[in-house]
Protein chains: 2
Amino acid sequence: MAQLLQPEKGTPETGTTDPRILRSRRMLMDSLGRLLKKKEFEDISVQEIADDATLNRATFYLHYPDKNALLQAMTEARFRDLIKRRAITFTDCHGALRAIALGVCDYLAETTGCPSQLARMSLEGSIIPVVEGMFKEGLALHGTAPRVDTALLATTAAWAVFGAARRWFQTTNRVPAEEMAATIETVVSPVLFGASQQLESGNTEAPLV
Amino acid sequence: MAQLLQPEKGTPETGTTDPRILRSRRMLMDSLGRLLKKKEFEDISVQEIADDATLNRATFYLHYPDKNALLQAMTEARFRDLIKRRAITFTDCHGALRAIALGVCDYLAETTGCPSQLARMSLEGSIIPVVEGMFKEGLALHGTAPRVDTALLATTAAWAVFGAARRWFQTTNRVPAEEMAATIETVVSPVLFGASQQLESGNTEAPLV
DNA sequence: TTCTTGAATCGACAAATGTCTATTACTAAT
DNA sequence: ATTAGTAATAGACATTTGTCGATTCAAGAA
């Protein structure tokens with residue numbers, strides 16, 4: 001048992017094997033998810049979360065520095081799970097970009113739609129890094145001599161995709177997520193794949209959001 | 001005196017004329033700015049801010065729902081001020097994009113460099129909308145038939161620019177801001193101006209970050 | 001000037017936060 | 001089975017938070 005409980009303050013280590021730690025964190029995330037269906041995030045206290053999780057309040061602080069860190073962790077875990085379920089292949093880069101965009105749209109629509117809060121959250125901090133990592137992976141496989149630093153492209157594209165998806169989500173009378181994903185692809189793809197070949201995968205109709 | 005004090009909860013109305021309100025808000029922002037040079041944001045209490053501003057703590061809550069809202073407001077005000085000082089002309093669109101990118105880089109470097117905090121903040125929520133508004137203005141002047149919704153392009157580009165600038169700022173051994181701004185321009189410009197004419201303004205050397 | 005409106009102050013309050021120090025319970029290895 | 005290490009619990013603590021009602025003060029209009 002040589003586990004540091006909080007190796008990086010505020011960013012709980014996921015590489016733990018101790019079942020007690022996994023269990024506590026899972027229960028805390030689940031409880032927050034449950035409570036978010038009933039109340040606004042701001043109206044939920046750490047005590048409530050701990051109670052719902054049948055854990056002591058001090059245990060909460062053993063894992064997360066505050067409420068926001070838990071929300072962050074929960075969001076990241078859920079998003080990771082969603083994109084893992086739909087295994088995204090990088091055989092077709094444009095298709096991968098569209099699939100990722102769709103994933104972000106779907107995630108926003110499905111999880112933050114509960115009572116309609118957490119739109120103003122620092123979701124940015126949890127789902128953007130995941131998207132960024134996927135782009136980085138994709139660009140590495142692509143293996144073309146990059147115009148600029150690959151990591152910068154990945155970051156930029158990730159923020160662009162998230163910003164666009166977020167805007168779509170906050171819109172009333174949303175267009176279908178698939179359509180939005182296609183639009184995002186056409187707008188963002190030149191960032192990732194130079195400004196050379198776009199419109200290769202058959203979406204020639206002008207996408208108007 | 002018919003001023004609603006908080007027309008939108010959490011987003012203090014800027015259209016007030018009452019000198020008392022302006023004065024209080026200015027003093028609170030100034031105090032937060034001062035305190036941020038000494039301590040981390042998390043370690044500053046509302047009481048401290050109010051004391052420094054020689055205002056009652058209750059007065060604080062009359063204007064902002066919490067600390068974060070004040071930080072948000074302060075950030076937005078400062079960034080607005082910075083980009084107003086360097087009047088950005090939209091005669092040359094690519095130049096404008098580069099100038100905006102430079103503005104974001106400079107802002108991050110100059111204001112969040114104090115003791116090095118507020119990097120993890122929801123700055124996103126205050127400076128991205130400003131950038132977005134500038135892009136929207138520029139695209140309106142440009143007046144070309146857009147491939148997609150102009151507002152979406154503005155949002156996407158704003159997030160892309162901010163994300164890239166933020167990454168640059170968090171990097172150790174930063175390249176000069178001007179160089180970064182040029183890189184951001186080449187990466188983001190196809191988002192705004194279709195993927196047709198880039199490299200028109202003489203930056204033909206390959207920018208490597 | 002006088003009067004009205006509402007911003008700012010003051011004191012007080014319950015609730016929540018974040019941090020301790022034991023103490024207990026359970027995991028993993030010997 | 002015993003043991004060492006650490007997660008979880010329990011209770012307590014000083015602070016901070018957000019809100020309230022009552023009061024004072026000042027800006028703008030008559």
Side-chain angles (χ1 to χ4, degrees), chain A residues 1-7 9-32 35-36 39-73 117, chain B residues 1-32 35-36 39-73 117 120:
Chain A
M1 268 203 189
Q3 306 287 355
L4 243 36
L5 190 45
Q6 271 177 218
K9 170 107 178 174
T11 308
E13 175 63 64
T14 51
T16 330
T17 44
D18 193 321
R20 294 174 292 178
I21 294 181
L22 271 356
R23 178 175 182 269
S24 294
R25 293 185 182 164
R26 194 165 0 96
M27 291 177 84
L28 287 170
M29 292 189 199
D30 289 348
S31 292
L32 177 57
L35 291 170
L36 276 176
K39 336 174 73 178
E40 297 283 332
F41 178 71
E42 294 296 331
D43 296 333
I44 299 173
S45 72
V46 173
Q47 182 70 70
E48 279 181 285
I49 300 173
D51 284 348
D52 186 281
T54 60
L55 290 175
N56 194 277
R57 190 170 67 93
T59 307
F60 176 97
Y61 289 105
L62 238 35
H63 294 281
Y64 304 99
D66 55 34
K67 260 180 5 180
N68 297 298
L70 173 61
L71 178 57
Q72 194 96 353
Q117 75 285 33
Chain B
M1 269 198 198
Q3 305 288 357
L4 244 37
L5 190 45
Q6 270 178 222
E8 322 169 56
K9 171 106 177 175
T11 310
E13 176 63 64
T14 51
T16 330
T17 45
D18 192 321
R20 296 174 290 177
I21 294 180
L22 269 358
R23 178 174 182 271
S24 295
R25 291 185 183 164
R26 193 164 0 96
M27 292 177 83
L28 288 171
M29 291 188 201
D30 289 349
S31 293
L32 177 57
L35 292 170
L36 276 176
K39 337 174 71 178
E40 296 284 332
F41 178 71
E42 294 295 332
D43 296 333
I44 300 173
S45 72
V46 174
Q47 183 71 67
E48 280 181 286
I49 300 172
D51 284 348
D52 185 281
T54 61
L55 290 175
N56 193 277
R57 191 170 65 95
T59 307
F60 176 98
Y61 289 106
L62 238 34
H63 293 282
Y64 304 99
D66 55 34
K67 260 179 7 181
N68 298 297
L70 173 61
L71 177 59
Q72 194 97 350
Q117 77 285 30
R120 45 79 91 93

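Predicted model only: the values in this text are computed from it and were never measured. Chain letters run A, B, ... following the sequence lines, proteins first and then strands; every chain starts at 1.
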Heavy-atom closest contact (B:Met27 atom, B:Thr54 atom, distance) = CE-OG1, 3.4 Å
Where do B:Lys67 and B:Glu42 come nearest, in terms of heavy atoms and distance?
-> NZ-O, 3.6 Å
Nearest-nucleotide pick for [X], side chain only, options being [options]:
| X | options | result |
| --- | --- | --- |
| A:Asp18 | C:dA8, D:dC20, C:dT27 | C:dT27 |
| B:Val46 | D:dA26, C:dT17, D:dT17 | D:dT17 |
| B:Ala58 | C:dC10, C:dA7, D:dT17 | C:dC10 |

To the nearest 0.5 angstrom, please state how far the [atom1] atom of [X] sits from the [atom2] atom of [Y].
| X | Y | atom1 | atom2 | result |
| --- | --- | --- | --- | --- |
| B:Leu35 | B:Ile49 | CG | CD1 | 6.5 Å |
| A:Ile44 | A:Ser31 | CD1 | OG | 10.0 Å |
| B:Arg26 | B:Leu28 | CZ | CG | 11.0 Å |

Report yes if some heavy atom in the side chain of [X] is under 4.5 Å from a heavy atom in the side chain of [Y]; otherwise report no.
| X | Y | value |
| --- | --- | --- |
| B:Leu70 | B:His63 | no |
| A:Leu62 | A:Asn56 | no |
| B:Tyr64 | B:Val46 | no |

Roughly how many Å is it from [atom1] in [X] to [atom2] in [N], rounded to a whole number?
| X | N | atom1 | atom2 | answer |
| --- | --- | --- | --- | --- |
| B:Tyr64 | C:dA8 | OH | P | 11 Å |
| A:Glu40 | D:dG18 | CD | C1' | 17 Å |
| A:Arg20 | C:dA25 | CZ | P | 13 Å |
| A:Phe60 | D:dA7 | CZ | C1' | 16 Å |
| A:Leu70 | C:dG18 | CG | P | 12 Å |
| A:Lys67 | D:dT17 | NZ | P | 13 Å |
| A:Asp43 | C:dT17 | CG | P | 11 Å |
| A:Leu22 | C:dA28 | CG | P | 11 Å |

What parts of residues 48-56 of chain A reach DNA chain D, counting only heavy atoms under 4.0 Å away?
-> A:Thr54, A:Leu55, A:Asn56
Hey, does A:Ser45 reach any base, or is it just sugar-phosphate, or nothing, if we go heavy atoms under 4.0 Å?
-> sugar-phosphate
Qualifying residues under side chain to side chain donor-acceptor pair (under 3.5 Å), relative to A:Asp30, sequence neighbours excluded | none
OP1, OP2 of [N] versus side-chain N and O of [X]: anything below 4.0 Å?
| X | N | result |
| --- | --- | --- |
| A:Tyr61 | C:dG18 | yes |
| A:Ser24 | D:dA8 | yes |
| A:His63 | D:dA8 | yes |

With no angle test and no hydrogens, is the base of C:dG11 tied to the side chain of B:Arg57 by a donor-acceptor pair under 3.5 Å?
-> no
Angle of first-five versus last-five pair axes in the helix from C:dT1-D:dA30 to C:dT30-D:dA1, to 10 degrees = 40°
Does the side chain of B:Gln72 pick up a donor-acceptor pair with the side chain of B:Asn68 at under 3.5 Å?
-> no
By nearest-heavy-atom nucleotide on DNA chain D, the more 5' of B:Pro19 and B:Gln47 is B:Gln47
